[in-house]
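As structure tokens, the structure follows; a few thoughts come after it.
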Amino acid sequence: MTRILGIETSCDETAVAVVQDGRLILSDVVASQIDLHRQYGGVFPEMASRQHIVTIVPAIRQAMEQFGLTWPDIDAVATTYGPGLPGSLLVGLNVAKGLAWSQELPLVAVNHLEAHIHANWLALPGQPLPQAPGFPVVCLVVSGGHTLLALMSDHGAYRVLGQTLDDAAGEAFDKVARLLGLSYPGGPAIQEAAKNGDPTAFQLPRAWLGDSLDFSFSGLKTAVLHLVEDSDVQAARRGRKLATPLPPAVMRRLAVPDLAASFQEAVVDVLVEKTRRAAEQCRAVEVLLAGGVAANERLRTRMRQVLPVPVRIPAPALCTDNAAIVASAAYWRFQRGDLAGWGLDIEPNARLPEVARAA
Ligand code: KG4
Ligand code: ZN
């Protein structure tokens with residue numbers, strides 16, 4: 001039995017969790033900073049790192065107490081080293097190093113994208129654990145900072161098949177939400193607004209990029225921008241803080257639900273079709289979704305309707321940033337003896353670690 005304490009501070013959630021054997025969540029603490037950043041319409045990096053400093057120690061204490069754990073119960077400490085915001089990553093990584101050093105525990109460095117993928121090995125506490133995915137699988141990671149398709153032939157063995165050339169899917173949701181006067185984070189706000197909208201109301205562009213499995217969302221975002229560049233809307237927006245809702249009359253003129261639904265449909269269409277092609281090309285036995293945008297209800301439904309192989313999607317709370325996914329990904333690295341040294345540094349632009357083992 002191996003119990004790993006994971007720490008995640010790559011963006012705006014201070015998270016600590018203890019996971020047993022890579023799959024069973026014993027404790028899971030997520031201190032969200034969303035309310036702090038909402039007034040800025042997005043993550044304010046310096047505020048995020050300062051808040052991590054304040055929250056991290058109580059979060060560790062809470063994660064240990066939730067399951068009545070003491071330090072001898074823990075076999076290793078894992079931390080996200082990147083990708084992410086530098087000031088935020090530094091807090092979690094340094095605290096993890098200090099803990100591992102003082103408790104004489106091994107330290108495991110985890111890539112944030114690999115962590116997101118491992119949400120598919122977990123279940124929410126109290127829920128039954130699903131059978132572990134078989135290999136090879138195609139993974140679609142869609143978060144606020146990343147959008148990529150990867151072939152995973154084993155734990156730690158990835159080959160990137162395609163990625164975004166500009167905005168990440170979640171970033172597009174967040175930016176379009178701002179344009180529509182919706183609150184941060186944009187994904188849940190657009191999903192909510194879209195419930196009352198017609199997804200065929202606006203013909204928005206889909207960047208297919210030929211046969212490529214790469215993505216591009218900036219043209220779609222610009223198309224929405226042109227639709228809202230109406231002088232009345234601009235006048236109403238002038239001088240207002242980004243996250244303040246627009247007056248109801250302006251919201252009606254903008255047809256926010258229809259625009260939100262049409263935008264969401266355009267993103268989902270491209271994500272679903274490219275994932276379908278990737279699964280077919282790689283003869284994947286399953287498809288795994290991961291990252292904050294995988295919480296999107298329309299994406300979850302369409303993926304399951306269209307894909308010819310089973311689609312695994314973590315519970316929404318495990319799609320967004322948390323530390324159970326860090327402790328899970330760390331387990332297989334720990335098993336392989338892949339430990340970090342005391343010289344471990346952050347890598348804000350880290351890519352998914354690709355290795356030759358991937359088919
Ligand atoms: O994975 P995550 O928590 O953080 C990063 O690693 O970036 O993802 C956050 C992103 C945000 O862009 C947020 O708008 C998006 O995930 N998101 C959603 C939904 N819930 C969160 N996007 C679409 N629909 C949702 N329901
Ligand atoms: Zn993330």
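Counting convention: from 1, in listed order, for ligands and their atoms alike. Hydrogens, waters and symmetry mates are skipped; everything else that's a heavy atom, side chains included, is used.
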Where ligand 1 meets [X] - atom numbers and elements under 4.0 angstrom, heavy-atom basis:
| X | answer |
| --- | --- |
| Gly145 | 7 (O) |
| Gly170 | 12 (O) |
| His112 | 6 (O) |
| His116 | 1 (O), 6 (O) |
| Thr320 | 3 (O) |

Q: May I ask you to check if any N/O/S atom from His112 comes under 2.8 Å of the Zn ion (ligand 2)?
A: yes
Q. Is the distance from the Zn ion (ligand 2) to the nearest N/O/S atom of His116 under 2.8 Å?
A. yes
[X] side chain to [Y] main-chain N or O, any donor-acceptor pair under 3.5 Å?
| X | Y | value |
| --- | --- | --- |
| Asp174 | Gly186 | yes |
| Ser10 | Gly84 | no |
| Arg276 | Pro308 | no |

(Q) Taking the basic N atoms (NZ, or NE/NH1/NH2) and the acidic carboxylate oxygens, is any pair closer than 4.0 Å for Asp269 and Arg302? (A) yes
Q: Give the single entry among Asp174, Asn296, Val176, Val293 that approaches atom 12 (O) of ligand 1 most closely by any heavy atom.
A: Asp174
Q: Give the name of the N/O/S atom in Asp321 that lies closest to the Zn ion (ligand 2).
A: OD1
Q: Specify the protein heavy atom at minimum distance from atom 17 (N) of ligand 1: its residue, its atom name, and the distance to 0.1 Å.
A: Gly292 O, 3.5 Å
Q) What do you reckon, does Glu297 have a nitrogen or oxygen under 3.5 Å from a nitrogen or oxygen of ligand 1? A) no
Q: Please say whether Gly144 places an N or O atom under 3.5 Å from an N or O atom belonging to ligand 1.
A: yes
(Q) So that I know where these two stand, are His116 and His146 an aromatic pair - ring centroids less than 6.0 Å apart? (A) no
